[in-house]
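So you know, we letter chains A, B, ... as the sequences are listed, proteins then strands, and number each from 1.
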Amino acid sequence: MSGDHTHNDSQIESGSRVNDAHRHKDKHKDREHRHKDHKKDKEREKSKYSNSEHKDSLERKHRDKEKVKQKDGMDRHKEKRKEEKMRSFDGKPKKEKENGFASPPRVKSEPDNDGFYHSPKHERSLKRERDDDDSEFTPKKIKVENDKKAKKRKVEDEEDIKPKKKTKDKRGGMADGKKKSQEGAGGEVEMEERSTDGSKWRFLEHKGPVFAPPYDPLPNKVKFYLDGKPFKLSAKAEEVATFFAKMLDHEYTTKDIFRKNFFKDWRREMTSEEKGKITDLNKCDFNELSEYFKAQSEARKQMSKEEKLKIKGENERLLQEYGFCVMDNHKERIANFRIEPPGLFRGRGDHPKMGMLKRRIRPEDIIINCSKDSKHPKPPPGTRWKEVRHDNKVTWLVSWTENIQGSIKYIMLNPSSRIKGEKDWQKYETARRLKKCVGRIRAQYRDDWKSKEMRIRQRSVALYFIDKLALRAGNEKEEGETADTVGCCSLRVEHIKLSPEKDGQEFVVEFDFLGKDSIRYYNKVPVEKRVFKNLQLFMENKQPEDDLFDRLNTSILNKHLQELMDGLTAKVFRTYNASITLQQQLKELTTPEENIPAKILSYNRANRAVAILCNHQRAPPKTFEKSMQNLQTKIDAKKDQLFDAKRELKSAKADAKVRRDEKSKKAVEAKKKALQRIEEQLMKLEVQATDREENKQIALGTSKLNYLDPRISVAWCKKWGIPVEKIYNKTQREKFAWAIDMAEDDYEF
DNA sequence: TCCGCCACTTAGCACATTGTCA
DNA sequence: TGACAATGTGCTAAGTGGCGGA
């Protein structure tokens, strides 16, 4: 695997990565405040305030004004940044740099099938049994690269990887004729194409969504208190109050932004009388409501077996009725057939919209997508759909627009469906194509570090980070609409620190920023000298809040990547590096003579290496400390047992020395065995403790589900005789049915 | 060319269910 | 058998990237 980055121990086991999102959030908050204050100072202009809610108390009015002022400042600053970026794109030369670089101008699931999407290998066999007139299902080859340049590159790439065994085509393990039918001469798996016009289906029938149950008013005995006195709320206001009450134990409800947003939206649901009386959230007491819901939840837990079964049965009925659709000739499971219930918006991190009211979705908000010739879903009596359309260029069945960000929500198919399975397979095939040309791409971006053009240098350094550190692309975001998070292209100067020498290493870059879901990315990485010098150059004459890559965005980067390889985007690097890391780690960590549990531990370690690379974190489980403590108690007890066993062995040996008979010899042997067993048990417990500790803040599931080519895992299982159920649970096996079906023990990513 | 919209994938958390052990 | 831990599932927020129109 020459040319591959080895995401080796220095990165994977790097102790410098701190999983301390919470502490960091506070730090970031401080930084953000400083940042905003700075902007506020810059922008002293008065903002025009036009908020309909400003008839509220003077105090709130003032606070809101301050907020608007601040936001206005932020927007202006953002605009300034944007303008600067644009200017550089527009081609007006920037000031010449000291180094002399002037910035340049600028499956069918047959009725008897199990219902999951299997690989075409499987499907093809079914196809033969099908009617010949089912011509639209004829597998076609997708042209992977079509321009001359790409073809030439392809030849070069194939030459790059030529020194390969000729006896058996290892890639994909497709050596026999049957399997070869899936691969082209270049060793690529060809996609089965279902249409040439971009249509995703020909027939789609479903029953529409399941709506959230209507609001069930509180019993009279459960009271809301205003200023210490019981206060009867109108139904609408009461419903929104219950949303808040249900979250009362959560940290969210103590946050100023949450409370402010909630109160503002709550007031909108109040009658004018209520509006007049309820003017301060601090005077509202939701405790009785909260207790009531807790008691309800407790009662649900205490329900009899029969009652629980009844609920289960009802859920099953709903699933059977609404949880499936017919797409072409497949009965497919729908992923989320229930409409999101109303509630309070919980953004992640410091989300400016947290606490806002997520309104109830009605049939009139719903767009139904199905085929013309299908039985259309019926709206609930007395209502109508917003629209019924027949768009087979998309895969969703139902959509609506949510009121917080104005984004569209969809009901789509389950990951086990044909349509999702094919897409998933395609994703990994693209990543495998990258494997073939990654050497050339790396050579090119290294070369580009020396480019005379700033935009190319920035592009190449960003690409280096995306490749080496598996950073996300980093699309631009609208400020004030979401939490302040970044990816590679949107990194700001304040997110990195450069040290010519740190902890005995040269040219160290210290990354510290909040990524997707406001998860902290902290990493200290030694980089190549040229990268380091380039970063210094990019940071020259910039403020902390300025973009590090001011001549770059994701669209420019992806356009460039598209030229390097058909279908290549920043995201593909993450998939590629994750999968290749898993494969390498499995090779390194698996020892043939180990037993199954030890091999599984090795698998988890390989998986963990990927999760660390991709920065997949989780909050430590609430019971973590306790469960660790319990495990430690067990370990201590085992140690005591070991001590005793050693002592017993010693005395048995002494006894045997004196007696010199068979019986005492046997006793020694028995004691030895017992000691050995205890030692093994202790080791197992200690391994378990290590495993758990290492996993404390690392989420393995995300990479397993989204980044690791499942064929690698399936092949590993087959090679070492590990039951695939040990690696994938039922749902995961359904999702990866295509891979389980396809991969042999010699599959190579 | 750029921006915003749209469709889709990726993400972590909360809660439910299942497994394990005393 | 019940308590507790581990695992599985559902939910929905938050990303990525393509496309079309101004």
- When the rotation axes relating C1' atoms of four end pairs to the next four are compared across the helix from B:dT1-C:dA22 to B:dA22-C:dT1, five pairs an end, they differ to 10° by 10°

- Message: Atom NZ of residue position A:K294 - does it have more than 12 heavy atoms of other residues, nucleotides or ligands inside 6.0 Å?
- Response: yes

Can you list everything that forms a ring-ring contact (aromatic ring centres under 6.0 Å, His included) with [X]? Sequence neighbours excluded, please.
X	answer
A:W396	A:Y410
A:Y603	A:W716
A:F511	A:F465
A:Y728	A:F736

Listed nucleotide nearest any side-chain atom of [X], set [options]:
X	options	answer
A:K200	B:dC8, C:dC11, B:dC13	B:dC8
A:K423	B:dC8, B:dC13, B:dT10	B:dC8
A:T485	B:dC13, C:dG15, C:dT12	C:dG15
A:D517	B:dT10, C:dA14, B:dC6	C:dA14
A:R692	B:dT9, C:dT12, C:dA5	C:dA5
A:I519	B:dG12, B:dT9, B:dT10	B:dG12
A:K420	C:dT12, B:dG12, B:dT9	B:dT9

- Message: When you compare the side chains of A:K477 and A:T485, does any donor N or O come within less than 3.5 Å of an acceptor on the partner?
- Response: yes

- Just by distance, with hydrogens left out, do A:Q562 and A:N558 show a side-chain donor and acceptor under 3.5 Å apart? no

- On DNA chain B, nearest-nucleotide positions of A:D391 versus A:R472: which is more 5'? A:D391

- Tell me which of A:S703 and A:T395 sits closer to the 5' end of DNA chain B, going by the nucleotide each one is nearest to. A:T395

For a quick test of reading the model: is some side-chain N or O of [X] closer than 4.0 Å to OP1 or OP2 of [N]?
X	N	answer
A:H616	B:dA11	yes
A:Q405	C:dA14	yes
A:Y707	B:dT9	no

- Item | Listed once per pair and sorted, the salt bridge (Lys or Arg N to Asp or Glu O under 4.0 Å) pairs that draw on residues 390-405 of chain A, sequence neighbours left out | none

- For residues 570-579 of chain A, pull every pair meeting salt bridge (Lys or Arg N to Asp or Glu O under 4.0 Å), keeping only residues two or more places apart or in separate chains. none

- Message: Any side-chain to backbone donor/acceptor pair from A:T430 onto A:Q426? Under 3.5 Å, distance only.
- Response: yes

- Please name the residue in the list A:F345, A:Y252, A:F258 that meets the ring pair (Phe, Tyr, Trp, His ring centres under 6.0 Å) test with A:H351. A:F345

- Query: Does any donor-acceptor pair link the side chain of A:K516 with the base of B:dT10 at a separation under 3.5 Å?
  - Reply: yes

- Query: Mapping A:E402 and A:N414 onto DNA chain C by nearest heavy atom, which one lands closer to the 5' end?
  - Reply: A:N414

- Within this structure, what is the CG-to-C1' distance between A:L514 and C:dA13, rounded to whole angstrom? 16 Å

Sub-3.5 Å pairs of nitrogen or oxygen atoms, protein against nucleotides 7-9 of chain C:
residue, atom, partner, partner atom, Å
C:dT9, OP1, A:T731, OG1, 3.3
C:dT9, OP2, A:T731, OG1, 2.1

- side chain to side chain donor-acceptor pair (under 3.5 Å) involving A:E725 - partner list, sequence neighbours excluded: none

- Task: Applying side chain to side chain donor-acceptor pair (under 3.5 Å), name anything that partners A:E251, two or more places apart in sequence or on another chain.
- Result: none

- Lys/Arg N to Asp/Glu carboxylate O, A:R418 vs A:D328, below 4.0 Å: yes

- Before accepting this row, confirm whether a basic side-chain N of the pair A:R605/A:E694 lies closer than 4.0 Å to the acidic partner's carboxylate O. yes

Set out, line by line, the N/O atom pairs under 3.5 Å between protein and nucleotides 17-22 of chain C.
residue, atom, partner, partner atom, Å
C:dG17, OP1, A:T569, OG1, 2.9
C:dG17, OP1, A:A570, N, 3.3
C:dG17, OP1, A:K571, N, 2.7
C:dG17, OP2, A:N558, ND2, 3.0

Strictly under 3.5 Å: I want the nitrogen or oxygen pairs between protein and nucleotides 14-22 of chain B, one per line.
residue, atom, partner, partner atom, Å
B:dA14, OP1, A:H250, NE2, 3.4

